[in-house]
Amino acid sequence: MKKKILVLTGSPRVGGNSDLLADAFIRGAIKAGHEVFKCEVGKKNIKGCIACNTCYSKGTPCSFDDDFNNIAPHIEKADMIVFATPLYWFTFPSELKAVIDKTYSFLIGEKELNIKESMLLVCGEDNKESAFDGIVSTYKLILSYQKWTDRGHLVVPGVLNKGDILSTDYLVRAEKIGNNI
Ligand SMILES: Cc1cc2nc3c(=O)[nH]c(=O)nc-3n(C[C@H](O)[C@H](O)[C@H](O)COP(=O)(O)O)c2cc1C
């Protein structure tokens with residue numbers, strides 16, 4: 001069945017490791033016939049949620065006019081959400097975390113989402129997979145709360161500089177994952 005997949009990328013680095021990972025996943029998913037929208041959250045201007053609880057009351061998801069309000073319609077349309085991100089201090093980079101925080105607006109605004117499934121693609125400098133425990137467990141708690149089905153996570157350790165991922169087999173793996181989604 002054709003899915004509408006929203007890929008939220010977390011890095012500000014175009015052509016960085018997680019960007020390439022996202023693109024590999026997307027290539028596979030498009031080959032499989034899915035509709036994919038990639039949103040480069042790491043380059044956006046998104047302020048954190050201030051818990052004013054006025055979401056949707058002024059006509060926009062967030063009452064403050066930042067890039068979240070352009071991303072929200074894509075979240076509303078998606079059947080599946082994929083987070084493709086670098087590890088920053090053991091968790092999500094702040095812009096991507098701000099988007100996650102602002103999904104609170106769908107709860108306050110009583111907007112039911114169509115998202116049924118999610119996936120995490122994450123890379124970082126650390127060679128130990130345990131360094132990714134924080135982001136993986138945060139991801140799992142979020143999807144359990146949201147009642148999304150976990151389509152898995154791919155951890156890419158040992159990549160620091162732009163392009164490091166090119167000398168691994170993770171792009172091939174991500175494309176296969178996308179193709180089987
Ligand atoms: C602010 C910042 C925090 C980081 N924190 C971690 C970390 O906690 N653990 C880790 O393994 N790598 C960390 N890194 C390294 C990045 O995860 C790594 O360079 C990654 O490959 C960057 O992905 P990108 O090329 O998609 O931007 C950090 C990098 C930055 C800039």
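Indexing begins at 1, ligand by ligand and atom by atom, following the structure's order.
Counting heavy-atom neighbours within 6.0 Å of N70 CG, excluding the residue itself, gives a total above 12.
Those atoms of ligand 1 that come under 4.0 Å of a heavy atom in D126, given as number and element, are 10 (C), 11 (O). Shown in contact with C123 at under 4.0 Å from a heavy atom are these atoms of ligand 1, numbered in order with element: 17 (O), 21 (O), 23 (O). Close approach to V159 involves these atoms of ligand 1, each under 4.0 Å from a residue heavy atom: 18 (C), 19 (O), 20 (C), 21 (O). Interface of W89 with ligand 1, defined as ligand atoms under 4.0 Å from a residue heavy atom, comprises 3 (C), 4 (C), 5 (N), 6 (C), 7 (C), 8 (O).
Polar contact with ligand 1: present for F90 (N/O pair, distance under 3.5 Å).
Closest to atom 2 (C) of ligand 1, if we only count protein heavy atoms, is Y88 CD1, 3.6 Å. Of all protein heavy atoms, the one closest to atom 19 (O) of ligand 1 is L160 O, 2.7 Å. Closest protein heavy atom to atom 27 (O) of ligand 1: S11 OG, 2.6 Å. Looking only at protein heavy atoms, the nearest one to atom 10 (C) of ligand 1 is E125 N, 3.5 Å. For atom 17 (O) of ligand 1, the closest heavy atom belonging to the protein is L87 O, 2.8 Å.
Within the 4.5 Å cutoff, no side-chain heavy atoms of L121 are placed close to those of T85. A heavy-atom distance below 4.5 Å is found between the side chains of F106 and E76. You'll find the side chain of R151 reaches within 4.5 Å of the side chain of I181, heavy atoms only.
When hydrophobic side chains of Ile, Leu, Val, Met, Phe, Trp and Tyr are connected at separations under 4.5 Å, I50 ends up clustered with F64. Through direct or indirect side-chain contacts shorter than 4.5 Å among Ile, Leu, Val, Met, Phe, Trp and Tyr, F90 is connected to W89.
Ring orientation note: the planes of F92 and F83 are nearly perpendicular, at an angle over 60° on the 30°/60° scale. By the 30° and 60° cut-offs, the orientation of the rings of H74 relative to F37 is parallel.
If you look at R13 next to ligand 1, the close heavy atoms, those under 4.0 Å, all belong to the side chain.
When the options G16, S18, A22, P86 are ranked by their closest heavy atom to atom 26 (O) of ligand 1, first place goes to S18.
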